[in-house]
Amino acid sequence: MKTQVAIIGAGPSGLLLGQLLAKQGIDNVIVERVSGEYVLGRIRAGVLEQGMVDLLREAGVSERMDREGEVHTGVELAFNDKRVRIALDELTGGDTVMVYGQTEVTRDLMDARKEAGLTTVYEASNVQLHDVKTDAPYVTFEKDGEQVRLECDYIAGCDGFHGVSRQTIPDEVKTEHERVYPFGWLGLLSDTKPCHEELIYCKTDRGFALASMRSPTRSRYYIQVPLTDKVEDWSDDAFWTELKRRLPADVAATMETGPSIEKSIAPLRSFVCEPMQYGNMFLVGDAAHIVPPTGAKGLNLAASDVATLYKIMTRVYKDGDKDCVMQYSEICLRRVWHGERFSWWMTNMMHDFGEVEVNGTDSQTFSRFMESELNFYTDNEQGRRVIAMQYVGLPYEDIK
Ligand code: RFL
Ligand code: PHB
């Protein structure tokens, strides 16, 4: 097999990149480890920044999102019996976010790829990248017991945090930055009416909670849990009882509950791999960086990486400018680090770290610092604007 860009991974990063490249006439093949149904079964992000929404429109896959997605002009932070609304549009000069599930984005991209007749190899095992430092890199994998070789000009490693692409960068070339948090998020999806029309991020003595949604009839809730907890430890009833204790009392009082459709625990981590490219291989999305979900940035950072690689590949194939590929990592990392900092900051401010020492500070002192931080940023308009600007997403950087 031969193509121009080999894409490893059919998550949102790989599928969106493939779609955008195909629109520019750039041939690409996606190689994915699991089945399409399995990819769609992962319940993840729900909030899309303006930049990602625009990119999905550019890719020609926005029709259903524009019809069914919900534009949100604000989010709430609840703490100490206070509720502060961050008026996203007013504070940023009109920017908003779109509530539309990652599952739906993925489904739309899969449908568009199928319709365009583009090749995706699902359930490919033992995927390996070769000769990425040369002008003739290739990918090998096994499919239905046969060994396949895919030759290409470039490889996009869109294979998530546990993928193989990052491992092809030698240890002496890459630096990995990591912070693992001492808690996780237990998420529950249910066909119930959302408890409030906007998202509410809640900080309480019992730990963090988030009220989110997918549609007017489908809710997504999260609660902070110890890393030692297992999903089996949490019946639906136990989840709803604990969630109600953490939500503002009036919201909890009228909240609709029901059976869970999905329940899972995600550990929280900040992670960045530098650089994000090696020879003719580029890391995109979770393959290069992870954020804790508190800022709703993971998928959105993946989208900005895709935007950068797409612009670079377009320049390479349309103008024959191969040198521009050198800009990829630098451009991506500038925005990635802003997203990392925001997600880390929001996580620190909104969670309960218990008795754990944080950043060399004892837990009680750290908790006071964070309380002050939260009050300071929410009590005045400039502070709320700083939160709003980052929540709707910083602008995408152009290539030079
Ligand atoms: P993905 O989605 O992990 O897809 C990678 C794909 O690569 C495949 N793969 C391989 N394929 C071939 N060979 C191999 N060796 C392979 N190894 C892996 C995998 O099977 C998979 O299909 O990465 P991608 O595309 O970069 O997308 C990133 C996003 O999924 C992620 O950043 C977000 O879900 C993060 N996230 C959120 N982001 C937001 O922007 N807003 C949110 O509101 C938000 N909420 C969340 C989130 C993530 C969460 N979890 C569970 C981690 C909420 C949660 C709970
Ligand atoms: C979600 O709806 O899954 C969601 C929303 C906002 C976040 C994280 C997750 O910050």
Side-chain angles (χ1 to χ4, degrees), residues 6-18 30-36 38-49 51-52 70 72 75 97-103 105-106 109-110 120-129 139-143 156-168 184-189 194 198-201 208 210-215 218-222 262-269 271 283-306 339 342-343 346-347 350 391 393:
I7 298 174
I8 318 292
S13 297
L15 288 166
L16 180 54
L17 178 66
I30 300 184
V31 182
E32 164 63 53
R33 187 168 49 88
V34 297
S35 68
Y38 189 91
V39 173
L40 287 174
R42 300 186 188 118
I43 307 298
R44 289 183 172 177
V47 176
L48 314 182
E49 294 173 351
M52 178 163 189
E70 288 180 22
H72 281 217
V75 294
V97 291
M98 174 81 83
V99 171
Y100 188 65
Q102 175 169 334
T103 314
V105 172
T106 308
L109 284 162
M110 279 178 174
T120 312
V121 182
Y122 283 103
E123 298 178 304
S125 57
N126 194 19
V127 177
Q128 287 181 25
L129 289 65
V139 177
T140 56
F141 56 91
E142 284 155 34
K143 174 71 187 167
C158 305
D159 48 352
F161 183 61
H162 300 286
V164 285
S165 301
R166 193 172 66 249
Q167 315 313 330
T168 61
W185 278 19
L186 169 64
L188 179 144
L189 188 72
E198 292 181 340
L199 273 73
I200 316 178
Y201 291 81
F208 171 82
L210 169 62
S212 181
M213 65 207 69
R214 290 292 177 273
S215 75
R218 185 166 281 191
S219 307
R220 179 69 165 161
Y221 296 106
Y222 297 97
E262 192 264 3
K263 217 163 30 182
S264 52
I265 294 183
L268 266 61
R269 183 193 303 270
F271 174 90
L283 297 178
V284 182
D286 279 16
H289 41 76
I290 296 288
V291 286
T294 326
K297 287 286 159 265
L299 177 60
N300 291 302
L301 288 177
S304 55
D305 293 350
V306 168
F342 178 63
S343 305
M346 285 281 284
T347 303
M350 298 303 294
Y391 197 83

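The model shown is predicted, which means the values in this text are computed figures rather than measured ones. Basis for what follows: all heavy atoms, side chains included, without hydrogens, waters or symmetry-related copies. If you read the sequence from its start, that first residue is 1, and numbering goes on from there. For ligands, and for the atoms within them, numbers begin at 1 and follow the listed sequence.
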>> Among all the protein's non-hydrogen atoms, which is closest to atom 6 (C) of ligand 2, and how far away is it?
In response: Y201 OH, 3.3 Å
> Would you say G187 touches ligand 1, if touching means a heavy atom closer than 4.0 Å?
Replying inline: no
> Is the closest heavy-atom distance from Y222 to ligand 1 below 4.0 Å?
Replying inline: yes
Sub-3.5 Å N/O-N/O distance, [X] and ligand 1:
{"X": "A287", "value": "no"}
{"X": "A296", "value": "yes"}
{"X": "L299", "value": "yes"}
{"X": "E32", "value": "yes"}

Option whose closest heavy atom lies nearest to [atom], chosen from [options]:
{"atom": "atom 52 (C) of ligand 1", "options": "R42, R33, R44", "answer": "R44"}
{"atom": "atom 24 (P) of ligand 1", "options": "G285, G11, S13", "answer": "S13"}
{"atom": "atom 5 (C) of ligand 1", "options": "G9, C158, G36", "answer": "C158"}

> Does the R214 side chain pair with the main chain of R220, one donor and one acceptor, at a distance under 3.5 Å?
Replying inline: no
> Hey, is I8 touching ligand 1 through its side chain, its backbone, both or neither, going by heavy atoms under 4.0 Å?
Replying inline: side chain
>> For ligand 2, which is the ligand I care about here, please tell me if A45 has any N or O atom under 3.5 Å from one of the ligand's N or O atoms.
In response: no
> Considering distance alone, does some N or O of R44 sit under 3.5 Å from an N or O of ligand 2?
Replying inline: yes
> Where's the contact between A296 and ligand 2, heavy-atom distance under 4.0 Å: side chain, backbone, both or neither?
Replying inline: both
> Angle class for the W185/Y222 ring planes (parallel below 30°, perpendicular above 60°, tilted otherwise)?
Replying inline: tilted
